[in-house]
Undergrad: 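Would you mind keeping the following structure in view while I ask a few things?
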Amino acid sequence: MSPLSINDFPEHFTWGVATSAFQIEGAADADGKGPSIWDDFCRVPGVIADASDGRQACEHYQRWADDLDLVADLGVDAYRFSISWPRVQPLGSGAFNEAGFAFYERLVDGMLARGLKPFLTLNHWDLPSALQARGGWENRDTVQCFVDYACEVARRLGDRVTSICTHNEPWVIAVLGHESGIFAPGIKSRAAAIQVAHHLFLSHGLALSAMRAQGCKADMGIVLNLAPINAATDAEADQAAARRADGGGLRWYVEPLLKGEYPADVLQELGADAPRILPGDMASIQVPLDFLGVNYYMRSVVSAGEPWDLKTSGNEITDMGWEVYPQGLTELLLRLHRDYTLPPIFITENGAAFPDEVINQQVHDSQRQRYIARHIAATLEAMRQGVRVDGYFVWSLLDNFEWSSGYAKRFGIVRVDYDTQARSLKDSALWYRNFLTSKRKPGN
Ligand code: GCO
């Protein structure tokens with residue numbers, strides 16, 4: 001294989017780095033911010049591995065200008081960030097918080113001043129606590145609250161951002177938040193998870209229509225975490241288990257958005273846990289997308305019996321215990337392209353947690369660097385086979401609060417020293433910058 005070159009990608013391809021509000025901002029109650037379900041969840045004993053929280057995080061709320069300098073210095077085109085809903089609307093309905101909006105105005109203007117395209121996400125999981133007190137995403141009223149919030153963000157920032165994503169990873173909010181309960185709000189009910197997913201889809205569709213009706217011209221879409229699902233063996237039982245997992249994990253999330261229907265086999269299997277769907281909901285959900293964001297970290301291997309032992313694959317394993325499997329990204333993209341009529345795809349997150357080796361101020365992270373390079377190559381392979389991919393974002397710019405893993409797992413290409421808040425570019429960041437700046441200038 002020839003060495004990876006940025007010149008193999010189309011001129012318009014967008015390169016970026018990604019973060020989310022709760023994971024980096026800190027300033028948990030500064031300037032009128034209300035609490036979110038993640039602020040609350042972190043106080044539950046035992047749910048965060050290192051008993052940490054997001055109160056300080058990377059102090060990005062104070063250090064945003066230096067952080068944007070870092071982003072610009074990498075040579076990327078775009079920065080994917082999220083708005084903390086309770087920072088701009090403390091109760092999730094009613095009054096907006098001017099000081100909260102002022103922060104995001106500074107941030108977006110700061111990106112534009114540095115030549116960076118803002119890719120905005122409205123919901124990266126930090127629902128205002130006041131809405132959770134009324135049932136959160138299980139309550140259909142939250143749908144309209146989200147639409148109102150989205151319209152206000154679009155009214156204030158929609159003329160300056162390149163792209164608006166409604167929800168980041170509905171599967172995580174539904175399943176980890178409401179079925180296994182390992183993420184906020186920590187509910188354990190399959191029926192709740194299914195209803196939550198439906199309300200997320202509905203609020204996505206209604207928000208897109210409403211923001212467009214207001215005249216907002218930003219590209220609009222949603223971000224899904226998707227994985228190709230392989231059966232552990234050829235045995236019929238394993239194959240059937242893989243089909244079921246694919247139904248619940250991929251088709252359930254893709255098909256309402258792209259086809260306006262839930263997969264019939266999954267609906268049937270849900271029985272009494274099936275969602276309550278009102279007339280018109282599916283048409284509201286299936287609005288045209290300007291893009292589909294795909295977050296890819298690993299494949300999933302399913303067996304009917306004992307869980308598949310990933311050590312048998314012989315592949316590298318990240319600090320999260322996730323298998324490194326770049327060809328899964330190619331497989332996933334080809335499969336989506338084969339089975340659906342797709343809008344342009346963006347890889348909105350891809351990256352890995354690995355321990356860093358810090359020697360004389362240098363941060364060596366060759367495994368992360370290799371992980372990123374191999375997944376960029378896997379993206380290119382899918383493009384060569386006909387899939388339209390318009391951008392790629394590394395997760396993450398900074399080491400940050402990795403949800404229930406706390407600060408122990410580091411995904412950043414920039415290291416954060418949590419004692420001093422000092423940032424240092426890791427080797428992976430230097431590699432990414434070098435890759436990006438080797439771009440041939442048009443005409444040369
Ligand atoms: C996600 C989230 C990120 C995570 C990342 C690593 O996509 O799950 O967007 O917030 O930090 O995925 O787990």
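Just so you know, ligand 1 is whichever comes first in the structure, and atom 1 is the first atom listed for that ligand. Quick caveat: nothing in here was measured; it's all calculated off a predicted structure.
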Undergrad: Determine whether the side chains of N230 and R299 contain a donor N or O and an acceptor N or O closer than 3.5 Å.
TA: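 Judged by distance alone, the side chains do pair up.
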
Undergrad: Not counting sequence neighbours, which residues clear side-chain contact (heavy atoms from CB on, under 4.5 Å) with A382? List them please.
TA: T330, L333, V387

Undergrad: Please output the residues near ligand 1 using a strict heavy-atom distance under 4.0 Å, listed in chain and residue-number order.
TA: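 Contacts of ligand 1 under 4.0 Å: Q23, H124, W125, N168, E169, N295, Y297, W322, E349, W395, E402, W403, F411.
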
Undergrad: Are W15 and F9 close enough that their ring centers fall under 6.0 Å?
TA: yes

Undergrad: One thing to verify: whether R43 and D53 come together as a salt bridge, which I'm taking to mean a side-chain N less than 4.0 angstrom from a carboxylate O.
TA: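 No salt bridge links D53 with R43.
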
Undergrad: Below 4.0 angstrom, N of the basic side chain to O of the carboxylate: do R212 and D290 qualify?
TA: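 Answer for the salt bridge query: yes.
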
Undergrad: Y392 and F13: aromatic ring centres closer than 6.0 Å?
TA: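 Aromatic pair excluded; centres sit 6.0 Å or further apart.
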
